[in-house]
Protein chains: 2
Amino acid sequence: MKLQRHNAIRELLAGSRVTNQDELRRKLRRRGFAVTQATLSRDIHEMRLYKGPGGYSLPAANGHTPAAGTGEDDGPPSVAEVMASFALRVNRAMNQVIVHTVMGGAQPVAAALDYEEWPDVVGTVAGDDTVLVICRDPRKAAEVESRLTKILES
Amino acid sequence: MKLQRHNAIRELLAGSRVTNQDELRRKLRRRGFAVTQATLSRDIHEMRLYKGPGGYSLPAANGHTPAAGTGEDDGPPSVAEVMASFALRVNRAMNQVIVHTVMGGAQPVAAALDYEEWPDVVGTVAGDDTVLVICRDPRKAAEVESRLTKILES
DNA sequence: AATTTCCTTGCATACTTATTCACATCCTGT
DNA sequence: ACAGGATGTGAATAAGTATGCAAGGAAATT
């Protein structure tokens, strides 16, 4: 339940302004997540969100990438890292997997996918906030989808 | 006096970690600025600082997005509006719908489609003059195509 | 099955930050 | 010099956030 809630929070923050935890609580309740402020405080901490003049924001929206904050700097960022920073949602249609990200997050995610050269992935196309991942066939796409989803929810 | 204090705060934040306003108060006092927490709260607001997992940080240091923070306008334009302005042609292939637009028109069209969250649309990717709309399956794509075509021809 | 262990959560409350109010200071035009 | 109006500040306090603790539940172990 917690993981879905975290994703719901990411989507909410990407789409609307959230000034405080009680407002977040009310918005989540409308989406079916009924939790208390205490839980949200812990969620926010775990998700490493930032709070600024415009309310809460995702770590990536500030350039406050977890990597930048925590030292390690060699080699390009892994798919897992960029997904954690930018990805909001993963969907699939036929042999394609669609990754929605925060604004500007699509390029880094696609770059990481390209770099890792997953065997089932034929290619990627990135816009501003959407990555299109072309897979060999629907079956492979399903695998890629579940792998990405797992990363997103970890 | 306030201005020097603001600069001192900036320097402090650039050089060390500050996790709360009372810590900031003590560090400033060592530099000769004796003020209360209330004043620092106001300073932080005026300077539009962010607070995150690592304490306070400067807005400049992180490429903070002005779009997200500022300005409420009256909602994004509808698909119908942007289609009327930019779209030239609508085609379909398998589960994908391709919208050709005038140069530079793809982004706005994709943004509007994303915003309206059509249920059959899994995602969109926009280049300069082409929007690729990924649908759940060929049937849904046909529906989306006809809907877009209808808009285009109205 | 029973027990243990680990995780998640709500409640109550401690801690941190924002705001209200009152007052002092410094302009500015009379 | 004085009245009126900004602006900056501290003290008190309201508003918002984090956390210790215990309860409940799921999964693993005995």
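The analysis underlying the following values was restricted to heavy atoms, covering all of them including side chains, and did not include hydrogens, waters or symmetry mates. To find a chain, count down the sequence lines: A is the first, B the second, and so on, and within it residues start at 1.
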In short, A/Pro108 meets A/Phe86 closest at the heavy-atom pair CB-CE1, 3.7 Å
Is there a side-chain polar atom (N or O) of A/Ser41 under 4.0 Å from OP1 or OP2 of D/dT17? no
Whole angstroms only, please: what is the CG-C1' distance between A/Asp43 and C/dT8? 10 Å
Determine: side-chain N/O of A/Lys51 to OP1/OP2 of D/dG16, distance under 4.0 Å, yes or no. no
Using modelled atom types and a 3.5 Å cut-off, is there a donor and acceptor pairing between side-chain atoms of A/Ser41 and backbone atoms of A/Gln37? no
Taking only Lys NZ, Arg NE, NH1 and NH2, and the carboxylate oxygens of Asp or Glu, determine whether B/Glu46 and B/Arg42 approach each other closer than 4.0 Å. no
I'd like to know if the side chain of A/Arg92 and the backbone of A/Met94 have a donor-acceptor N/O pair within less than 3.5 Å. yes
A/Leu40 CG to C/dT9 P, in whole Å, measures 10 Å
N/O (side chain, B/Gln37) to phosphate O (OP1/OP2, D/dG10) under 4.0 Å: no
Can you tell which of D/dA11, D/dT17, C/dT9 lies closest to the side chain of A/Lys2? C/dT9
Worked check of side chain to side chain contact (heavy atoms under 4.5 Å, CB included) between A/Leu28 and A/Arg25: CA-CA 5 Å; A/Leu28 279 173; A/Arg25 187 180 58 73; 5.9 Å; no
When rounded to whole Å, the CE to P distance for the pair A/Met47 and D/dA18 reads 13 Å
More 5' along DNA chain D: B/Val35 or A/Ala38, using each one's nearest nucleotide? B/Val35
Looking only at side-chain N and O atoms, does A/Tyr56 come under 4.0 Å of OP1 or OP2 in D/dT17? yes
d(NE2, A/His45; C1', D/dA18) in whole Å: 9 Å
Could you check how far CD1 of A/Ile44 sits from P of D/dA18, rounded to whole Å? 6 Å
Establish, with yes or no, whether the OP1 or OP2 oxygen of C/dG10 is under 4.0 angstrom from a side-chain nitrogen or oxygen of A/Thr39. yes
Whole Å only: how far is the CZ atom of A/Arg42 from the P atom of D/dG20? 10 Å
Separation of B/Asp22 atom CG from C/dC15 atom P, in whole Å? 12 Å
Tell me: CZ of A/Arg5 to C1' of C/dC7, nearest whole Å? 12 Å
